[in-house]
Every structure is written in structure tokens, then in C-alpha cells.
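Okay, so here's the structure we're looking at.
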Amino acid sequence: MDIVDVVDIEDSLRRFGERYLRRVYTQREIDDCGDGTDARRLATHFAAKEAALKSLPIEIGDVDLRCVEVRLPGSGEPTLELSGAAADAARGAGIVSFAVSVGATRRHATAIVVAEGSTTFGKREKAG
Amino acid sequence: MKERIRRVIADYARLATDVDGLEDTADLYAAGMTSHASVNLMLALENEFDIEFPDRMLRRGVFESVSSIQAALEELTSEVAA
């Protein structure tokens with residue numbers, strides 16, 4: 001889970017503009033956020049990226065944030081597309097899919113990501 | 001260089017404590033820096049020192065302390081000078 005203050009995103013856009021967008025978001029995400037002008041939607045993307053990274057066996061900060069691309073369709077569930085080190089970490093952990101939930105107010109954006117693995121825990125194979 | 005780094009940290013890292021009270025090796029994340037603040041810190045350092053961090057340096061370890069930032073900047077500036 002992660003929560004992001006929308007004002008923080010507005011500050012970053014004002015201070016760093018295009019450079020901030022290019023270092024954090026994919027081109028598709030920028031396009032999806034009003035060409036990078038919709039701070040609340042950007043905050044939602046950021047929260048989902050962070051929540052996804054927290055679900056992986058990897059140190060946050062060691063992964064390029066653009067390796068987690070967030071899709072927020074107008075209707076239907078949000079989805080994630082992983083690449084690079086994030087995809088490697090997910091594959092290594094046996095994660096096969098993610099369940100994503102997001103929400104936002106004027107001030108805050110939140111995201112919850114549940115990583116779903118392929119391994120069944122708690123069951124033992126019968127001998128013989 | 002160290003004082004300039006500390007000034008940028010004070011302005012952008014949003015620590016829960018005064019950076020002047022931290023050792024050079026103190027963990028900035030443990031002092032309250034979020035990953036979003038670390039992005040701002042990186043961009044502000046690029047402005048301050050007129051450099052660009054390459055992708056290979058976009059790691060937690062590079063931005064986790066005054067000392068680690070200084071080491072990265074020294075590496076980058078020496079590459080430029082060479």
C-alpha cells in the first residue's frame with residue numbers, strides 16, 4: 001500500500017517540469033495524465049508504482065520507477081505492466097499477477113497492490 | 001561540495017529532522033526521506049551541480065547519505081573532467 005500527497009506532485013512539476021516526468025513516468029503514463037498536467041492522476045500512478053514495488057522482494061529505490069507502468073482505464077480495474085528489474089524480481093518470486101486498487105481525493109492518492117503467486121503454500125505432497 | 005549537498009538535502013529531502021544534526025553517513029531514508037522526495041533530491045542535485053545522474057546511479061545506495069551522494073558526484077565530475 002502507498003499514499004501520495006498530491007501537493008508533492010504539484011511541487012515537483014513546478015520545480016522540475018519535464019525532467020521530473022521523464023524520470024518517473026513512462027510516455028504512456030504521461031499521455032494518460034493530461035500530458036503530465038494532471039497532478040492528482042500522476043499521484044495515483046506514483047502510489048501504484050510504489051505499492052507494486054513494495055510487494056516485490058527488491059529494495060525500493062534500486063528500481064527505475066518507469067519499470068512499473070500503471071494503466072488506469074476509465075472503467076475496469078487498474079493494471080500493471082512490469083519491465084526490467086521489476087519484472088525480473090516478480091518472475092524470481094513466482095508472482096504471476098497483481099490485483100490493484102486505487103483511489104484519490106483532492107489531497108491524496110492511495111493504491112493497494114496484492115501480488116499473486118503461483119506457489120501453493122501449506123500443502124505437502126503425499127509420500128509414495 | 002559537502003555544504004552544497006547538505007543545503008540541497010535541507011531544501012528537498014523533507015527529512016523529519018534537521019540535516020545539520022546528521023552525520024555524513026547517516027541514512028537519509030531512516031531520517032524520513034520518502035522515495036518521492038529522493039526523486040526531487042536527485043533532480044535538485046542535478047541542477048545544483050550541473051550534472052545528470054545516469055541510469056546506473058539511480059539506486060537507493062547513491063542517495064542514502066551525504067557521503068554516498070558526495071562519492072557519486074565526485075565520480076561524475078571526474079568523468080566529465082577526464
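Residue numbers begin at 1 in each chain, while the letters A, B, ... track the order of the sequences.
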Side chain, backbone, both or neither: which part of [X] has a heavy atom under 4.5 Å from chain B?
X: A:Tyr20; result: both
X: A:Leu53; result: neither
X: A:Arg19; result: both
X: A:Arg22; result: neither
X: A:Asp11; result: side chain

Next item on the list: Measure B:Ala37 against the heavy atoms of chain A and call it side chain, backbone, both or neither at under 4.5 Å.
Entry: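 Interface part for B:Ala37: neither.
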Item checked: Part of B:Phe63 within contact of chain A (heavy atom distance under 4.5 Å) ->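 For B:Phe63, neither part sits under 4.5 Å from chain A.
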Item checked: A:Ile30 CD1 to A:Leu42 CG distance, which is reported to the nearest 0.5 Å ->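 Rounded to the nearest 0.5 Å, the CD1-CG separation comes out at 8.0 Å.
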Next item on the list: Hey, could you give me the CD1/OG1 distance between A:Ile3 and A:Thr110, rounded to the nearest 0.5 Å?
Entry: 6.0 Å
Check: Would B:Ser35 and B:Ser38 count as having a side-chain donor-acceptor pair, cut-off 3.5 Å?
Finding: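 Note: B:Ser35 and B:Ser38 side chains miss the donor-acceptor criterion.
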Next item on the list: Compute whether any side-chain donor of one residue and acceptor of the other, for B:Ser67 and B:Asp24, lie under 3.5 angstrom apart.
Entry: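 No pair is found: no donor N or O on one side chain lies under 3.5 Å from an acceptor on the other.
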Notebook entry, point to check: Hey, which of A:Glu59, A:Arg15, A:Arg23, A:Glu50 has the most heavy atom pairs under 4.5 Å with chain B?
Noted result: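 Maximum pair count with chain B is reached by A:Arg23.
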Note to self: Keeping A:Arg41 on the side-chain end and A:Leu72 on the backbone end, is there a donor-acceptor pair under 3.5 Å?
What the structure shows: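 Yes.
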Next item on the list: Check whether NZ of the Lys or CZ of the Arg A:Arg66 lies under 6.0 Å from the centre of the six-membered ring of A:Tyr25 and within 45 degrees of that ring's axis.
Entry: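 Checked: cation-pi criterion not met.
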